[in-house]
Amino acid sequence: MVYYGPSLGGKTTNLRALRGLAPDGTVGRLMNLETQDEHALFFNLLPMRLFTETGVVIKVKAVTVPSQPIHKSTRRIILKGADGIIFVASSQRDSIEENKGSFRDLRENLRQVGIAHDIPLVIQFNKQDLPFVRTAEEVALFGSKVPSPVIAAAALNGVGVLETLKVLLRLIWPRLEDQLSVSSTLGLDRESFEASLFTGWPEPREGVGSIT
Ligand SMILES: Nc1nc2c(ncn2[C@@H]2O[C@H](COP(=O)(O)OP(=O)(O)OP(=O)(O)O)[C@@H](O)[C@H]2O)c(=O)[nH]1
Ligand SMILES: [Mg+2]
């Protein structure tokens, strides 16, 4: 799962929040990967294991892209391995142009690496807890106009983070079935896949959480 989006949108914070929400034994360390060239380049990787009721364990790697313009080629390499994308936008009103720019960059990179535009994609409007943001209603209205699911979040408070990932995994299931025939080979049908993902994880929190 690739977390894509403008600088400071909250990609790393999503992974930190997942780490914080996860029951023991389901996620590994949050890794910070660094390249050795002259440009500071950081991206993160969080390995997770989701235990389904059928005994099948789904290994998920959540990866962020480095957002600086200079790292376009790294973003492409990361995208090549993507099964799904979470686009983390900032809800702040003055971030609209940055969000758009990063989304254009995403579309261009998908085209460049030959990934179809119908790759599972969820858009997250993060930082809902801040003032001067697009409201949850505005986010919902936006969601009604675009083909991808759109979710409001406040990742810093752990709100909306799990929901975003769940929605993406639901979109991904048909691919698992197409490519691996998981229902016949592993007995993992769509219903049990959806029902058992994230068992033991906390229930979704309402609102934007406390401002910490
Ligand atoms: N108030 C608030 N701050 C947030 C939220 N999510 C992230 N932040 C803050 O925004 C800043 C940037 O968050 P990061 O998670 O580092 O953003 P990023 O997308 O990983 O940024 P790059 O790695 O530079 O691309 C940090 O100071 C976070 O604490 C949120 O939901 N609410
Ligand atoms: Mg980051």
Side-chain angles (χ1 to χ4, degrees), residues 1-22 27-35 37-48 61-79 82 84-109 121-140 142-143 150-168 202 204-212:
M1 311 297 125
V2 173
Y3 285 75
Y4 209 100
S7 179
L8 305 184
K11 299 177 291 297
T12 303
T13 305
N14 264 265
L15 264 49
R16 279 208 193 100
L18 284 172
R19 182 96 184 51
L21 292 168
V27 307
R29 263 185 336 116
L30 176 59
M31 290 180 261
N32 298 308
L33 308 177
E34 260 177 80
T35 56
D37 66 8
E38 70 272 30
H39 306 288
L41 163 59
F42 298 98
F43 59 104
N44 314 111
L45 167 70
L46 182 69
M48 309 166 58
K61 290 195 193 98
V63 183
T64 64
V65 294
S67 53
Q68 305 92 319
I70 190 89
H71 293 306
K72 197 170 198 122
S73 59
T74 308
R75 287 196 290 283
R76 286 185 186 159
I77 293 167
I78 293 173
L79 274 181
I85 298 165
I86 291 172
F87 184 86
V88 182
S90 170
S91 303
Q92 290 167 296
R93 292 191 186 280
D94 58 9
S95 298
I96 291 178
E97 283 312 312
E98 272 174 293
N99 291 336
K100 281 186 182 165
S102 177
F103 202 78
R104 272 195 300 273
D105 174 75
L106 169 63
R107 298 203 79 108
E108 187 192 326
N109 286 335
L121 169 73
V122 177
I123 298 171
Q124 180 190 79
F125 275 91
N126 188 32
K127 306 198 181 186
Q128 281 286 303
D129 57 298
L130 290 179
F132 312 116
V133 294
R134 291 208 235 183
T135 63
E137 292 72 32
E138 289 171 286
V139 171
F142 178 84
V150 176
I151 293 174
L156 193 60
N157 302 327
V159 175
V161 170
L162 198 50
E163 292 76 355
T164 307
L165 184 58
K166 269 188 200 174
V167 169
L168 183 63
R205 290 171 58 191
E206 296 291 325
V208 295
S210 58
I211 297 172
T212 49

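Bear in mind that the values here come from a model prediction, so they are computed numbers and not experimental data. Along the sequence shown, the residues carry numbers beginning at 1. Remember, it's 1-based here, ligands and their atoms both numbered in the order they're listed.
The main-chain N or O of G101 is never found under 3.5 Å from a side-chain atom of D105 such that the two would form a donor-acceptor pair. Between the T64 side chain and the N44 main chain, a donor and an acceptor come within less than 3.5 Å of each other.
Around the NZ atom of K72, the shell of radius 6.0 Å holds more than 12 heavy atoms that belong to other residues, nucleotides or ligands.
Partner N14 forms a side chain to side chain contact (heavy atoms under 4.5 Å, CB included) with one of R19, Q124, M1 and no other, that one being Q124.
Applying the side chain to side chain contact (heavy atoms under 4.5 Å, CB included) rule to S91 yields the partners F125, Q128, V133; only residues at least two apart in sequence or on another chain are considered.
Among residue pairs with one or both ends in residues 85-95, those qualifying as salt bridge (Lys or Arg N to Asp or Glu O under 4.0 Å) are R93-E138; sequence neighbours excluded.
Taking both residues in full, the closest heavy atoms of K11 and S67 are given as NZ-CB, 3.8 Å, listed atom of the first, atom of the second, then distance. Pairing each heavy atom of L168 with each of L121, the nearest pair is CD1-N, 4.0 Å. Scanning all heavy atoms of the two residues, the minimum distance from A62 to L15 falls at O-CD2, 3.7 Å.
Enumerated by chain and number, the residues approaching ligand 1 to less than 4.0 Å through a heavy atom are P6, S7, L8, G9, G10, K11, T12, T13, S67, N126, K127, D129, L130, A154, A155, L156.
Inside a sphere of radius 2.8 Å centred on the Mg ion (ligand 2), the protein N/O/S atoms present are T12 OG1.
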